[in-house]
Amino acid sequence: MKAAVFHSPGNITCDTVEDPRILDENDIILRVTSTAICGSDLHMYSGGIPQARPMVMGHEFMGIVEETGKNINHLKVGDRVVVPFPIACGSCFFCQHDLPTACEHSNPDYYGPEGGIFKEKGGALFGYTDLYGGYNGGQAQYVRVPYANFGPRKVPENLTDEQVLFLTDIFPTGYTGVMWGELKGGETVAVFGAGPVGTMAAKSAVLHHAKKVIVIDTLQYRLDRIKMLTGCETILWEDAESTIEQIRDMTDGRGADLCIEAVGFEPERSFIDRAKAVLNFEKGSIKVLEACMSAVRRGGIVSVLGVYPVNYDNFRLGQIFDKGITLKAGQCNVHPIIDKLLDYVVTGKITLDDVITHRLSLDEVSKGYEIFDKKEDGCVKVVLDPWKLTGF
């Protein structure tokens with residue numbers, strides 16, 4: 001089959017690889033019909049999250065069931081399904097407590113309670129390094145889906161792939177940031193980052209009747225697009241100080257009720273910022289998270305959706321304590337909320353596919369990663385078709 005294979009930072013190519021096989025009676029093999037490049041994939045692409053061996057990329061995918069293991073009881077060949085990005089058994093303590101990203105069984109080689117940098121990680125994720133299970137992902141023509149009695153969800157035939165594809169990750173993730181904010185209606189929500197997850201967070205804030213949604217980004221084209229899609233207010237990030245001041249000016253000096261960090265540890269940085277990180281033996285920067293903690297009101301909530309894989313000195317614990325901030329962070333637990341979110345799509349309460357800016361064939365994956373990473377050609381979200389190949 002053809003698949004997008006990570007070889008080294010900056011080098012992801014469409015290769016011919018071995019077809020996946022049923023390895024366990026709870027597996028299915030999925031014929032992938034649509035897949036997407038996620039902002040989290042860029043952390044592997046940049047080398048920010050290490051991976052030594054080649055791996056098939058991708059954790060946002062859906063398709064048609066091609067083959068089932070003997071224990072699969074609710075899916076059959078020909079069913080069309082969407083697959084949550086975490087791999088979870090459904091039976092362990094954490095899965096039973098709606099925390100599938102902490103699954104005790106899916107990542108046996110690296111799982112543990114500590115949450116270290118290179119050991120004792122959480123549950124497995126599709127196509128996201130050996131640290132998270134080493135499973136091949138779905139930027140491919142076929143993919144093996146473990147624990148398939150628990151993860152995949154059937155989707156209505158009257159909906160297109162693109163209408164439901166983002167139930168895999170970015171919509172549940174953006175929704176979780178708002179859900180953690182405990183909105184009652186009438187609040188001000190500030191979303192840092194106007195990429196795919198930030199867009200879904202802004203849409204989710206509107207869905208929860210936020211009075212004001214403010215989106216912050218360094219690129220005007222992304223702000224223009226998210227304003228068109230959600231009607232939000234926007235701030236072009238020039239520096240943290242002016243951004244925080246503008247948010248306070250828009251909230252009677254208090255700050256936002258909820259700040260959502262949808263950028264992660266690799267924001268745009270100056271040479272000085274990069275040099276400081278090297279001197280402190282740190283990877284990336286927490287400057288966006290720090291801005292969230294300043295921009296949120298006293299007693300407010302900060303939801304951290306962006307990826308932070310390492311520890312940082314000079315973390316603002318004193319500010320968190322003095323302001324009484326609630327900080328919530330982590331990978332999104334898709335399984336407990338995906339059915340509710342699918343219903344939002346089915347009933348037309350939310351639209352997901354308008355975030356797509358580029359549709360490419362799988363063998364154009366190198367181009368897709370490049371324009372997404374460099375934010376070229378107005379790129380916000382890339383969807384790949386595994387079966388419309390241009391070069392084979």
Side-chain angles (χ1 to χ4, degrees), residues 20-32 35 38 40 49 51 55-77 79-116 118-138 140 142-155 167-169 171-173 175-176 179 307 309 329-342:
R21 296 178 292 109
I22 295 284
L23 301 180
D24 182 272
E25 293 180 346
N26 296 299
D27 292 349
I28 63 170
I29 301 299
L30 198 68
R31 182 184 187 271
V32 180
T35 184
C38 181
S40 298
I49 295 180
Q51 172 64 17
M55 170 178 281
V56 177
M57 295 289 293
H59 55 264
E60 295 182 308
F61 60 88
M62 62 177 296
I64 308 296
V65 177
E66 186 83 3
E67 185 180 353
T68 64
K70 293 181 180 178
N71 284 349
I72 299 302
N73 53 38
H74 78 297
L75 296 175
K76 63 183 186 302
V77 172
D79 283 344
R80 181 165 166 258
V81 298
V82 65
V83 182
F85 77 92
I87 302 173
C89 70
S91 61
C92 71
F93 172 89
F94 290 106
C95 287
Q96 290 296 303
H97 286 79
D98 289 340
L99 294 168
T101 58
C103 177
E104 296 174 291
H105 296 147
S106 62
N107 187 14
D109 292 338
Y110 286 94
Y111 182 81
E114 179 67 17
F118 294 110
K119 63 180 182 178
E120 299 199 33
K121 309 298 285 185
L125 310 174
F126 284 101
Y128 205 65
T129 78
D130 288 328
L131 291 175
Y132 286 97
Y135 295 83
N136 280 330
Y142 296 93
V143 62
R144 169 183 167 243
V145 179
Y147 304 110
N149 281 320
F150 185 56
R153 298 304 203 272
K154 297 179 187 178
V155 294
L167 290 165
T168 54
D169 180 359
F171 179 34
T173 297
Y175 185 92
T176 293
M179 185 174 67
V307 173
Q331 299 282 2
C332 169
N333 290 291
V334 179
H335 299 66
I337 62 174
I338 188 171
D339 298 318
K340 177 180 181 179
L341 303 190
L342 174 58

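Just so you know, these numbers come straight off a predicted model, no measurement behind them. Hydrogens, waters and symmetry mates play no part in the numbers below; they use all other heavy atoms, side chains included.
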Worksheet entry | Any Phe93 side-chain heavy atom under 4.5 Å of Glu104 side chain |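 In short, these two side chains touch, coming nearer than 4.5 Å.
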Worksheet entry | Check: Gly90 main-chain N/O paired with Gln96 side-chain donor or acceptor under 3.5 Å | yes
Practice prompt. Using atom types as modelled and distance alone, determine if a side-chain donor or acceptor of Asn26 lies under 3.5 Å from a backbone N or O of Ala148.
Written response: no
Practice prompt. Specify the closest pair of heavy atoms between Pro86 and Thr101, including all atoms of both residues, with the distance to one decimal.
Written response: CG-CG2, 3.9 Å
Worksheet item: From Cys103 SG over to Ile87 CD1, what is the distance, rounded to the nearest 0.5 angstrom?
Response: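 It comes to 9.5 Å.
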Fill in: Under 3.5 Å: donor-acceptor pair, side chain of Glu120, backbone of Glu114
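Yes.
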Item to complete: Considering non-hydrogen atoms only, spot the tightest contact between Ser40 and His59 and give its length.
Response: CB-CE1, 4.0 Å
Worksheet item: Roughly how far, to the nearest 0.5 Å, is OG1 of Thr168 from CZ of Arg153?
Response: 13.0 Å
Discussion item. So does Gly138 get a backbone contact from the side chain of Thr35, meaning a donor-acceptor N/O pair under 3.5 Å?
Written reply: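 Yes.
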Worksheet item: For the side chain of Ser106 and the backbone of Ala124, is there at least one donor-acceptor N/O pair under 3.5 Å apart?
Response: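 Yes: the side chain of Ser106 pairs with the backbone of Ala124.
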Discussion item. Ring centroids only, cut at 6.0 angstrom: are Phe126 and Phe61 within range, meaning strictly under it?
Written reply: yes
Discussion item. Rounded to the nearest 0.5 Å, what separates atom CZ in Phe171 from atom CG in Leu341?
Written reply: 4.5 Å
Worksheet item: Heavy atoms, side chains only, cut-off 4.5 Å: are Asp27 and Arg21 in contact?
Response: no
Practice prompt. Quick one: closest heavy-atom pair of Met55 and Gly127, and the distance?
Written response: SD-C, 3.8 Å
Worksheet item: Donor-acceptor pair, Tyr135 side chain versus Asp130 backbone, under 3.5 Å?
Response: no
Worksheet item: Between Leu167 and Pro172, which heavy-atom pair has the shortest distance, and what is it?
Response: O-CG, 3.1 Å
Discussion item. If we ignore hydrogens and angles and just use 3.5 Å, is the side chain of Lys154 paired with the main-chain N or O of Asp79 as donor and acceptor?
Written reply: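 Absent.
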Worksheet item: Distance from Ile29 atom CD1 to Leu23 atom CG, nearest 0.5 Å?
Response: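 CG of Leu23 is found 7.0 Å from CD1 of Ile29.
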Fill in: Rounded distance (nearest 0.5 Å) linking atom NE2 of His74 with atom OG1 of Thr68
11.0 Å
Item to complete: Return yes if some donor-acceptor pair links the side-chain N/O of Asn107 with the main-chain N/O of Gly133 below 3.5 Å, else return no.
Response: yes
Item to complete: Quick one: sort the Tyr128 and Tyr132 rings into parallel, tilted or perpendicular, breaks at 30° and 60°.
Response: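 Correct class here is tilted.
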Worksheet item: Phe150 vs His335 aromatic rings, parallel, tilted or perpendicular, using cut-offs 30° and 60°?
Response: parallel
Item to complete: Taking all heavy atoms of Met62 and all of Val155, pick out the closest pair and write down the distance.
Response: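 Where Met62 meets Val155 most closely, the heavy atoms are CE-CG2, 4.0 Å.
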Worksheet, complete the sentence: Distance col, row Glu25:CD vs Asn149:CG, nearest 0.5 angstrom, shows 11.0 Å
Discussion item. With a 3.5 Å distance limit and no angle check, can you tell me whether Glu67 reaches the backbone of Ile22 through a side-chain donor-acceptor pair?
Written reply: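 It does not hold such a pair.
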Worksheet item: Does some side-chain heavy atom of Val143 sit less than 4.5 Å from a side-chain heavy atom of Pro20?
Response: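 A side-chain contact under 4.5 Å is absent here.
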Item to complete: Give the C-alpha distance, both sets of side-chain angles, the deciding distance and a yes or no for side-chain contact (heavy atoms from CB on, under 4.5 Å) between Glu66 and Leu30.
Response: CA-CA 5 Å; Glu66 186 83 3; Leu30 198 68; over 6 Å; no
Worksheet item: Taking all atoms of both residues into account, what is the closest heavy-atom pair of Val32 and Ala140, and its distance?
Response: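 Minimum heavy-atom contact is CB-O, 3.1 Å.
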